[in-house]
> 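Here it is, the structure, as structure tokens.
Each chain gets a letter, A, B and so on, in the order the sequences are listed, and its residues count up from 1.
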Number of protein chains: 2
Amino acid sequence: MRACDMDRVKGLPLFADAAADTFRVATAGAHLQRFPAGTMLLLEGDPVDFLYVLLDGQVELHGTWNDHETVLAILRPVSTFILAAVVLDADALMSARTLERCEILMIPGDAIRTAMRLDPRFAMAVSRDLAGCYRGLVRTVKNHKLRNSVERLANYLLALRAADNSGGVVRLHHEKRILASLLGMTPENLSRAFSALQAVGVNVQGAVVTLSNVAALEALAKPDPLIDNHAPRGGDIVAEADAEVWSSERNRAGGEAGARTASAGRRND
Amino acid sequence: MRACDMDRVKGLPLFADAAADTFRVATAGAHLQRFPAGTMLLLEGDPVDFLYVLLDGQVELHGTWNDHETVLAILRPVSTFILAAVVLDADALMSARTLERCEILMIPGDAIRTAMRLDPRFAMAVSRDLAGCYRGLVRTVKNHKLRNSVERLANYLLALRAADNSGGVVRLHHEKRILASLLGMTPENLSRAFSALQAVGVNVQGAVVTLSNVAALEALAKPDPLIDNHAPRGGDIVAEADAEVWSSERNRAGGEAGARTASAGRRND
DNA sequence: CGCGCATTTGAGGACTGTCAACTTCCGTGG
DNA sequence: CCACGGAAGTTGACAGTCCTCAAATGCGCG
């Protein structure tokens with residue numbers, strides 16, 4: 001493993017606070033591996049033997065049922081994934097597949113669990129990481145249960161814009177059919193959702209999306225800090241520490257989240 | 001706090017493994033409180049000062065957006081909730097409301113965080129708890145994205161049956177409109193979903209549901225161990241340790257989960 | 001007994017998925 | 001450099017699912 005890779009791993013919130021020994025032990029048994037695009041790293045139901053650290057490339061996490069598949073998260077460097085299964089030494093609930101050529105550090109699950117026992121600071125970091133992942137998923141569920149597909153897409157675009165601090169032009173990081181699945185719709189409907197957003201100044205040109213009327217888009221999207229990690233807080237409150245990898249917002253470019261309906265309201269309560 | 005309550009708290013996976021000292025310190029600053037039905041314990045967006053331990057009654061966790069509300073989880077004793085926010089000392093992403101008269105132990109968040117720093121075994125237990133919660137939500141997302149409303153209801157009923165190890169008769173633990181929201185539909189559609197399940201031997205009589213043809217119900221529901229925590233594993237595999245509170249399967253009686261479409265398949269990819 | 005609320009039922013419409021045809025894009029190979 | 005083939009993305013037509021509104025029914029509590 002290159003020194004710079006080592007530094008990148010050490011820079012993860014998960015390891016930043018760990019004792020030097022902990023880090024050394026954990027990475028001692030680790031190995032760096034390269035995978036071509038389209039490789040299945042992990043199949044749901046399989047035992048999980050490693051904590052994965054994505055150093056380069058993109059990885060998709062998905063689930064299947066009854067011959068259907070849905071994308072649950074898309075990871076970009078630097079991210080760890082499958083931490084929850086490692087902590088519990090349990091079977092994977094999601095499959096992982098490379099979307100492009102990837103460089104991945106694989107740390108034995110035993111090493112992680114041992115390190116947690118020996119280093120309370122590391123155990124604490126794991127807890128914080130998992131708490132952040134959990135909260136990311138709460139946002140996702142709220143997003144899906146409280147918003148329709150056009151609203152989800154609108155918020156996704158705003159999240160992209162916030163993440164790339166791009167002005168009025170954002171680039172989609174994935175194929176549209178992957179994005180459609182992540183947002184919980186079919187490719188056809190994603191296409192129609194983009195059309196619908198033309199009315200608020202959204203134009204698509206391949207992977208390049210121009211937002212010519214952000215105010216109108218925001219009026220439609222109604223981003224909410226309790227769903228969308230990028231959305232502005234009310235007062236002068238400090239940004240929360242959710243951080244962390246996985247389906248955490250940063251990786252998904254703020255894509256998924258979730259929150260909703262009031263006591264009297266309706267819509268998919 | 002009564003001694004028997006103390007024992008119930010100590011019996012939680014979260015505390016079972018903790019040092020005696022840890023438990024003493026944590027519960028020293030705690031106070032037991034009773035709330036009438038319909039009390040808002042916590043509003044989303046509020047700072048979280050306590051870890052809540054539900055000892056008696058039922059609590060609903062919900063999220064709101066744009067004047068709509070959705071139920072994210074329903075908790076029954078003994079459960080802790082809001083642990084993720086406590087670990088991160090962050091604002092709540094969900095609101096909590098009592099559904100009936102409740103008895104709740106409130107442990108200061110500081111005490112929890114301090115205990116984690118001092119007691120690695122406790123920190124480890126927190127990690128395991130959060131990992132279980134996380135996996136519960138992964139199941140929920142798969143359930144919602146991969147199944148339609150009738151399928152979700154069918155699996156919910158099977159989960160209830162498994163939890164209560166009832167034969168062909170299960171009791172609903174909540175009002176139908178709450179259940180509808182938890183399952184991601186309107187009360188009207190829950191009613192229609194029940195009607196649809198008559199074809200596979202499901203009959204509703206108030207809160208009492210009789211399942212006269214479990215085989216047919218299962219054929220429709222297609223329960224999956226990677227979505228439904230109750231579903232049978234393939235071989236002689238040991239049941240996983242997900243356990244834990246919160247939106248964990250046990251509380252929701254195995255209700256929620258989620259996963260979906262295969263590469264070629266469709267339906268809400 | 002009557003009121004209020006939860007639940008049910010019906011009708012209609014909005015949203016989303018399915019199927020099929022067409023266009024565009026892109027990499028391969030001639 | 002250009003033609004070809006396949007995949008991705010679009011569009012249209014249609015159907016199924018789900019939500020909304022309204023009204024009726026049933027149940028529990030005062």
Side-chain angles (χ1 to χ4, degrees), chain A residues 36-38 60 65-71 99-101 144-154 172-198 202-209 220 260-269, chain B residues 37-38 60 66-71 99-100 143-154 172-198 202-209 220 260-269:
Chain A
E60 161 202 294
W65 178 77
N66 193 30
D67 204 35
H68 286 272
E69 172 177 323
T70 193
V71 173
L99 291 178
E100 29 182 79
R101 188 164 183 281
H144 277 283
K145 288 182 78 176
L146 289 165
R147 290 173 172 161
N148 65 24
S149 57
V150 174
E151 290 165 340
R152 290 198 298 274
L153 175 59
L172 304 178
H173 298 149
H174 339 285
E175 287 180 10
K176 292 208 184 79
R177 72 197 168 79
I178 305 284
L179 177 59
S181 180
L182 179 66
L183 293 178
M185 54 185 121
T186 58
E188 295 94 324
N189 272 329
L190 175 61
S191 198
R192 290 175 187 120
F194 270 120
S195 306
L197 288 182
Q198 283 186 358
V202 174
N203 272 82
V204 195
Q205 211 69 255
V208 178
V209 182
L220 185 156
R260 150 87 48 23
T261 19
S263 67
R266 285 308 197 61
R267 184 200 289 186
N268 183 22
D269 294 356
Chain B
E60 161 203 294
N66 194 29
D67 205 34
H68 285 270
E69 172 177 324
T70 193
V71 173
L99 291 179
E100 29 181 79
N143 190 37
H144 278 283
K145 288 182 79 176
L146 291 165
R147 290 172 172 162
N148 65 25
S149 56
V150 174
E151 289 164 341
R152 290 198 297 275
L153 174 59
L172 304 178
H173 298 149
H174 339 284
E175 287 182 11
K176 291 205 184 80
R177 72 199 168 79
I178 304 284
L179 177 58
S181 180
L182 179 66
L183 293 178
M185 56 185 119
T186 57
E188 293 95 324
N189 271 329
L190 176 61
S191 195
R192 291 176 186 119
F194 271 120
S195 305
L197 289 181
Q198 282 187 359
V202 174
N203 272 81
V204 195
Q205 215 63 269
V208 179
V209 182
L220 185 156
R260 164 63 52 23
T261 21
S263 66
R266 284 310 195 64
R267 183 198 291 185
N268 182 22
D269 295 357

> For L220(B) versus A154(B), what's the shortest heavy-atom pair and its separation?
CD2-CB, 3.9 Å
> I want to verify a distance call: between dT18(C), dG10(C), dT11(D), whose nearest atom is closest to the S191(A) side chain?
dT11(D)
> Between dT18(C), dC15(C), dT20(D), which nucleotide has the shortest distance from any of its atoms to the side chain of N148(A)?
dC15(C)
> Please report, rounded to the nearest Å, how far the C1' atom of dT17(D) is from the CG atom of L183(B).
16 Å
> Provide, to the nearest angstrom, the distance between the CZ atom belonging to F194(A) and the P atom belonging to dA8(D).
17 Å
> Which nucleotide in the set dA6(C), dT20(D), dT16(C) lies at the smallest distance from any side-chain heavy atom of S149(A)?
dT16(C)
> Quickly work out the L172(A) CG to dA8(D) C1' distance and round it to whole Å.
14 Å
> Atom CZ of R177(B) to atom C1' of dC27(D): distance rounded to whole Å?
15 Å
> Could you state the atom-to-atom distance from CG of L190(A) to P of dG17(C) in whole Å?
11 Å
> Mapping R192(B) and K176(B) to their closest nucleotides on DNA chain C, which lands nearer the 5' end?
K176(B)
> For the pair N148(A) (side chain) and E151(A) (backbone), establish whether a donor and an acceptor sit closer than 3.5 Å, ignoring hydrogens and angles.
yes
> Within this structure, what is the CD-to-C1' distance between E175(A) and dG27(C), rounded to whole angstrom?
14 Å
> Please round to the nearest 0.5 Å and tell me the distance separating atom CZ of R152(B) and atom CG of L182(B).
10.0 Å
> Has the side chain of S191(A) got a donor or acceptor atom that lies under 3.5 Å from a matching backbone atom of P187(A)?
no
> Under 4.0 Å from OP1 or OP2 of dC18(D): is there any side-chain N or O of N189(B) that close?
no
> Please report, rounded to the nearest Å, how far the C1' atom of dT7(C) is from the CD1 atom of I178(B).
13 Å
> For K176(B) and A207(B), indicate whether the former's side chain and the latter's backbone hold a donor-acceptor pair under 3.5 Å.
no
> Nearest to the side chain of T186(B), heavy atoms from C-beta on, is which of dA6(C), dT20(D), dA20(C)?
dT20(D)
> Which nucleotide in the list dG9(D), dG10(C), dG12(D) gets nearest to the side chain of E188(B)?
dG10(C)
> Using whole Å, what does the distance between atom C1' of nucleotide dT17(D) and atom CZ of R147(B) come to?
17 Å
